[in-house]
There are 2 protein chains.
Amino acid sequence: MCSALYQHINKFIDLNKDEQEVLASFLQSFSVKKKAFLLEQGQKCSANYFVVKGCLRLYFIDIKGAEQTTQFAIENWWITDLTSFLFKEQSEFFIQAAEPTEVIAIESHHYDEMFLKLPKLERYFRLILQKNHQASQRRIKFLYSQTAEERYCNFNHLFPEFVQRVPQYMLASYLGFTPEFLSKIRAKR
Amino acid sequence: MCSALYQHINKFIDLNKDEQEVLASFLQSFSVKKKAFLLEQGQKCSANYFVVKGCLRLYFIDIKGAEQTTQFAIENWWITDLTSFLFKEQSEFFIQAAEPTEVIAIESHHYDEMFLKLPKLERYFRLILQKNHQASQRRIKFLYSQTAEERYCNFNHLFPEFVQRVPQYMLASYLGFTPEFLSKIRAKR
DNA sequence: CGGTCTCTTGACGGAGTTCAAAGCTAGTGG
DNA sequence: CCACTAGCTTTGAACTCCGTCAAGAGACCG
């Protein structure tokens, strides 16, 4: 049921059968329909989500009413509003399925206990967070050094298959510009 | 010698005297003169740096030759080019002291060994990386929802004392615009 | 096939950049 | 402690990339 996660964990640390069973008691596995929400603005983000199959996105509504996508999570990535998840604050974000998605969730009230019972997982999540931090550093560098058009071409070149998976308006806001402008970039080729 | 770091660690986990001594064998503590470099473009980022006192910045030179500051680290923050640090790749970044700075460094060839000998630190670094991830999520949200002027006012409001500590051209690039434009924003008040 | 999303296109406007020159400031050495 | 210099900040004019708005064309789903 949660084997996709166990496989992912075992790329980073060794977790035996017994430990997997302990971990299972903290997990929930379920499906999310396309466009359904795992989090809405004003709610507390109750879980950290691991994508088994499909795609989730994290976004907020800006002051002008436009959706701004700040993060995508595809297979084998974790996604949550960390501040809301850790401190039980009201979130300013939405987490929505961009495709039909299978997820594994760790509820926040299990999170600390999980680390107490399975300290090995400290290392797994440290390594995951390191990957996130690398991705953030790379993203900021792209945002600060390239024009909108360059960012699109670059992203398209790096992740051609992913560009096909999401609507252009989500991609546009993720890359930091408007859907109209993305359309004009594409028209040039 | 490294007591500032021990104090910081003990905010998150308990590290006894013996463990502190083990840790000390992986650390180096030293001073960096203002404007001196801990990392230059093309080098491998050999260490992860903890700022005891002062201020470091991470920046790169963009295609037009302008410095783009992507991160600051003041007291009790860690800073490194993670990709270069972890994978011994040539860095595209510089790490420079924005003030006379005292740092504690963990060399990359000690990093894995440190976690083997002191697995408790997995938790400490997980928690640090969680803070970083929160900061990144907040930063992306600001970048995507506010104009240059709003970002400056907001930052100025949140960190008034820090704004005094660094030259405006560093702050401008950190906030994602040019020094000239920052000057014009300030002229309005 | 009907309605709702999504994408395209064009005209216009504005936030922020570029470039260059001049004015400041702070650090350095004599 | 003053003078000099290099680096930082300011200012203004011209420009450009990208946003906004609105209307229409496609595409997808029930």
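These values consider heavy atoms only, across backbone and side chains, with no hydrogens, waters or symmetry-generated copies.
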Over how many whole Å does the gap from [X] atom [atom1] to [N] atom [atom2] extend?
X        : N      : atom1 : atom2 : result
B:Glu67  : D:dG7  : CD    : P     : 12 Å
B:Tyr152 : C:dG16 : OH    : P     : 15 Å
A:Tyr169 : C:dT6  : OH    : C1'   : 8 Å
A:Leu182 : C:dT8  : CG    : P     : 7 Å
A:Glu180 : D:dA23 : CD    : C1'   : 12 Å
B:Lys64  : C:dG16 : NZ    : P     : 15 Å
A:Lys33  : D:dC29 : NZ    : C1'   : 15 Å
A:Ile185 : D:dG19 : CD1   : P     : 9 Å

> Are the charged groups of A:Arg126 and A:Glu122 less than 4.0 angstrom apart, N to O?
Replying inline: no
> So, are A:Glu89 and A:Lys44 salt-bridged, with charged N and O less than 4.0 Å apart?
Replying inline: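 So A:Glu89 does not pair with A:Lys44 through a salt bridge.
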> Can a donor-acceptor pair under 3.5 Å be found between the side-chain atoms of B:Lys188 and the base atoms of D:dT11?
Replying inline: no
Check the phosphate of [N] against [X], side-chain N and O only, distance under 4.0 Å to OP1 or OP2. Yes or no?
X        : N      : result
A:Arg186 : C:dC7  : no
A:Thr178 : D:dG19 : yes
B:Lys35  : D:dC8  : yes
A:Ser183 : C:dT8  : yes

>> Nearest heavy atom decides the nucleotide; on that basis, is B:Lys184 or B:Pro179 closer to the 5' end of DNA chain D?
In response: B:Pro179
> Taking the six-membered ring for Trp, are B:Phe50 and B:His8 parallel (under 30°), tilted (30 to 60°) or perpendicular (over 60°)?
Replying inline: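 Plane angle between 30° and 60°, so tilted.
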> At under 4.0 Å between heavy atoms, what does B:Phe181 touch on the DNA or RNA strands: base, sugar-phosphate, or nothing?
Replying inline: base
>> From C-beta outward on A:Ala148, which listed nucleotide comes closest to its side chain: C:dT8, D:dC18, C:dT6?
In response: D:dC18
>> Closest approach to the side chain of B:Phe177, judged atom by atom: which nucleotide of C:dG27, C:dG16, C:dT9 is it?
In response: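 Within the option list, the nearest is C:dG16.
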> Is the B:Tyr144-A:Phe60 ring centre distance short of 6.0 angstrom?
Replying inline: no
> So is A:Arg139 actually on top of A:Tyr174's ring, under 6.0 Å and inside 45° of the axis?
Replying inline: yes
